[in-house]
Each structure stands twice: as C-alpha cells, then as structure tokens.
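What follows is a short report on a single structure.
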Amino acid sequence: MTEKDRPLRRGWTTGACATAAAKAAYTALLTGEFPDPVEITLPKGDAHPAFALATTELGDGQATAGVVKDAGDDPDVTHGALILARVRKGAHGSGVVFRAGEGVGTVTKAGLPLPPGEPAINPMPRQMLRDAIAEVAADKGDAGDVEIEIAVPGGEELAKHTLNGRLGIVGGISILGTTGIVIPYSCSAWIHSIHRGIDVARAAGLDHIAGATGTSSEAAIQKLHNMQETALIDMGDFVGGMLKYVRTHPVPRVTIAGGLGKMTKLAQGLLDLHSRRGSVDLGVLAGLAETDGGSPQLTARIKASNTAAEAFCHAQAEHIALGDAVAAAAWETAATVVAGKPIEIEIVLFDREGRLVGRAPFAPAHPACPRKLRT
C-alpha cells in the first residue's frame, strides 16, 4: 500500500488527553506512583485507549501529569500540544472542581454550553474527567473530592487560530471532544463551531448575523453592514449546516456572503459548497445571463469560460447584471431551507477584491411572501 492509499489515521481529542493526564495525576496523588501508560474509557464505553505520559511531577498535596496530543492525520491546531492536568485534594463533599490553567480559555459570553466565568472545558470532557476520577476513587477507597486544573502551555497563542475569540472564550483554547476521537478532516467540528457562533449571537440579542464563505467576503460584509464580530459566522462551505440550525434557532435577519464561484453553486441548489460536492455549472450562468437579456454570443462565451470569474467578466462587458441574477437564484435555495420561519434572507456576492458584484436584498422566507421568481 502506498502512502497515498493509506487510510487516514485517527487521533485523540484534547478532552481525552486531559482525562488521561488527570487520571494519572490523581492516581499518583493517592499512591505516589504514576500509571504509565494510563488507560481511559471513552464516552461510548466500547474503547479503552492507553496514553503515554510526557511529563510527571509529584509535589506537596498535588500531582501533575501531561500527555502530548496526537491528532492523527487531522490538521488540528492543537496537534503536538502538551495537555497538563494538575490535581489537588478538594474540600469534603466538593466533588470535582475544574480550573483553567495556562493556555486554557475562560468563557465570557452567554450562549455557550458553559456559563460565563467557567473554564472552557466542555461538558463531555468534564464528564469524562469525573468518570475517570470516580473510577480511581472507587478503586483506592477515596472520596473523589478534587480540584483539576487543565493547562496547555502555548495555548493562548494556539487560540488565535481558532474561533474562541469570536465566541468570547479568552486566554486560551477550549478542551473539546464528544467521542474522545479525532476523525481526520471531519466536517462535524466546523459545523459545531457554526452552531456555537449562532448561539452566542442569539444570547447577545443580535437580530442580524452574516455567514461568509471566506475571509475576504467576511471582511466585505462586515464593512457593508458595519457588523460587530459576534454577528459574523465562519460558515465556510456549510451554508446548509448554518441554515438548518437557524431554522430551529431563528435569527430575524441572515446574510449569506461569498465569492462568485461559491454563490453560483448556491444558485444551482447546492448547500455544501465544497468542490467535492459539485462544480460551477457554466450552463446555469449562461441561462441566467440569457434570461436577463444577454445575447446568444454572450451565452456561448459564458459556456466556454474557464472560470466563474471569466463568465462574470463577459456578462459585465454586455452590461448584464449577472451577479444580481445569481444572488436571486441563490436566495431561492437558501429560503427553501428556512421557509415558514420568521427569517429574512439576504444574499451578497463579492469579487476577489471585495467589491460588491451582486445582491438579493432582505426578503422574508415565509411561504406567503416568496420573492418573485425570475422567468
């Protein structure tokens, strides 16, 4: 088997690594010895991976262990990070108390699964940590009242490459994971961050959010509407993932912004705009241009174009508002997802320089108030 044909290797979440480190540290606090490797149970209960310890320290009334995160073949920003757990005995009856150490963020905005002021250690990792402590406590005859401080040296710098700042998580990364396993190039983590961004915007009382396909279109839509950062959703290719969540968690006004190619795909009816899901259909662009009064020569040139950008240039030369036509068709695709909800949709197209090249203004997605279809 060649390297190209090799199956992608899975890895471990920060939550799994933190759990392994905490279990080892708590065991050492009670026995004086660190189990190495240390085995944990994943949330489903059907897997028991073992983790090697990268560092250990046993001090007066506390123990620290560290695990280096292995994200497998996933391009995870935390791959190779040292996840440390420092465990101390807690007050009688206190249970497990969580603290954010160096490089682990603190929640500052409402709308997340944790209230403001809490360490950014998500609910499932917290449960994994509690279960690991309970297992060791039962085995060693201890009450299990402990304080766990999770730290990630360099985590504050790593967090700059995540959405934590936008979500109101300051000071470092989040300790994440619902299964304990990192699946390479999984879409679920991105869609999860979209959902959390919408939750934070709703909790802040915002009535307008904007999902953008990339950094250029995001900067352009922020400038166009003078939007605060909390209102910006890093949607990427997942228009459907954003709209389906908005359908059940409504925001009154939703803007979808993107470049020529991505928005053409949305106009074609695609809700996942990644290249593997479909390519730009130049025939669709030619048809839209023809409907708007384009000449037969224009439709032929558009069909022969190498890219969507070239097709738009041909339309511009004949003063055909192809951008507006694409935006209107994209609006129909988006509105179908949230039909029946009190939501207004706007579609905005920008070129590579951030110039506005097409727009479908806000209109309600109610079945009773459809946008007039182009004929």
Side-chain angles (χ1 to χ4, degrees), residues 109 111 161-168 190-191 193-247 249-268 270-274 280 308-309 312 316 321-338 341 343-365 371:
K109 292 182 180 179
H161 304 284
T162 73
L163 293 175
N164 273 15
R166 182 170 295 177
L167 295 175
W190 195 319
I191 293 175
S193 71
I194 291 173
H195 294 175
R196 297 294 76 78
I198 294 168
D199 289 342
V200 169
R202 280 165 47 87
L206 301 185
D207 61 2
H208 180 199
I209 62 172
T213 59
T215 55
S216 296
S217 54
E218 180 179 89
I221 199 64
Q222 183 177 27
K223 182 178 180 181
L224 179 68
H225 284 302
N226 192 28
M227 302 182 78
Q228 59 179 281
E229 191 174 35
T230 304
L232 302 175
I233 308 299
D234 189 7
M235 176 187 71
D237 292 325
F238 304 110
V239 179
M242 182 183 77
L243 290 174
K244 289 172 186 176
Y245 195 73
V246 168
R247 177 177 173 82
H249 301 76
V251 178
R253 307 184 102 197
V254 177
T255 297
I256 298 171
L260 311 181
K262 299 286 188 182
M263 291 300 95
T264 297
K265 292 181 186 181
L266 184 60
Q268 293 167 203
L270 298 177
L271 289 168
D272 182 341
L273 307 182
H274 194 276
V280 170
F312 272 76
Q316 186 178 22
L322 186 56
D324 290 342
V326 168
W331 187 95
E332 299 296 341
T333 301
T336 299
V337 182
V338 297
K341 300 296 180 179
I343 298 169
E344 292 187 356
I345 299 291
E346 176 192 47
I347 305 292
V348 186
L349 277 70
F350 298 100
D351 64 15
R352 292 184 182 276
E353 285 69 46
R355 293 187 291 257
L356 179 66
V357 294
R359 190 174 190 176
F362 282 108
R371 181 186 295 278

| query | Is Phe238 close to Ile233 at the side-chain level, that is, under 4.5 Å between some pair of heavy atoms? | reply | no
| field | Non-hydrogen side-chain atoms of Ile209 and Val246 separated by less than 4.5 Å | value | yes
| How about Thr255 and Leu224: do any of their side-chain heavy atoms sit closer than 4.5 Å? | no
| Do the non-hydrogen side-chain atoms of Ile343 and Arg247 ever get within less than 4.5 Å of each other? | no
| When rounded to the nearest 0.5 angstrom, what is the spacing between CD1 in Ile256 and CD1 in Ile221? | 10.5 Å
| task | Return yes if some donor-acceptor pair links the side-chain N/O of Lys265 with the main-chain N/O of Leu270 below 3.5 Å, else return no. | result | no
| query | Do Met263 and Thr213 have side-chain heavy atoms sitting under 4.5 Å apart? | reply | yes
| field | Trace of the side chain to side chain contact (heavy atoms under 4.5 Å, CB included) decision for Phe312 with Val326 | value | CA-CA 10 Å; Phe312 272 76; Val326 168; 3.8 Å; yes
| message | Would Trp190 and Asp237 count as a side chain to side chain contact (heavy atoms under 4.5 Å, CB included) here? Give the steps. | response | CA-CA 10 Å; Trp190 195 319; Asp237 292 325; over 6 Å; no
| task | Check side-chain contact (heavy atoms from CB on, under 4.5 Å) between Glu344 and all other residues, then give those that pass, not counting sequence neighbours. | result | Arg253, Phe362, Pro364
| query | Should Gln268 and Val280 be marked as a side chain to side chain contact (heavy atoms under 4.5 Å, CB included) after you check the CA-CA gap, both sets of side-chain angles, and the distance that decides it? | reply | CA-CA 8 Å; Gln268 293 167 203; Val280 170; 4.2 Å; yes
| Heavy atoms of other groups near Lys109 NZ, more than 12 under 6.0 Å | yes
| message | For a 4.5 angstrom cut-off between non-hydrogen side-chain atoms, does Pro250 reach Arg202? | response | yes
| message | Asp234: which residues meet the salt bridge (Lys or Arg N to Asp or Glu O under 4.0 Å) condition with it, sequence neighbours left out? | response | none
| Sidechain-backbone polar pair: Ser217 side chain, Ala212 backbone, donor-acceptor under 3.5 Å | no
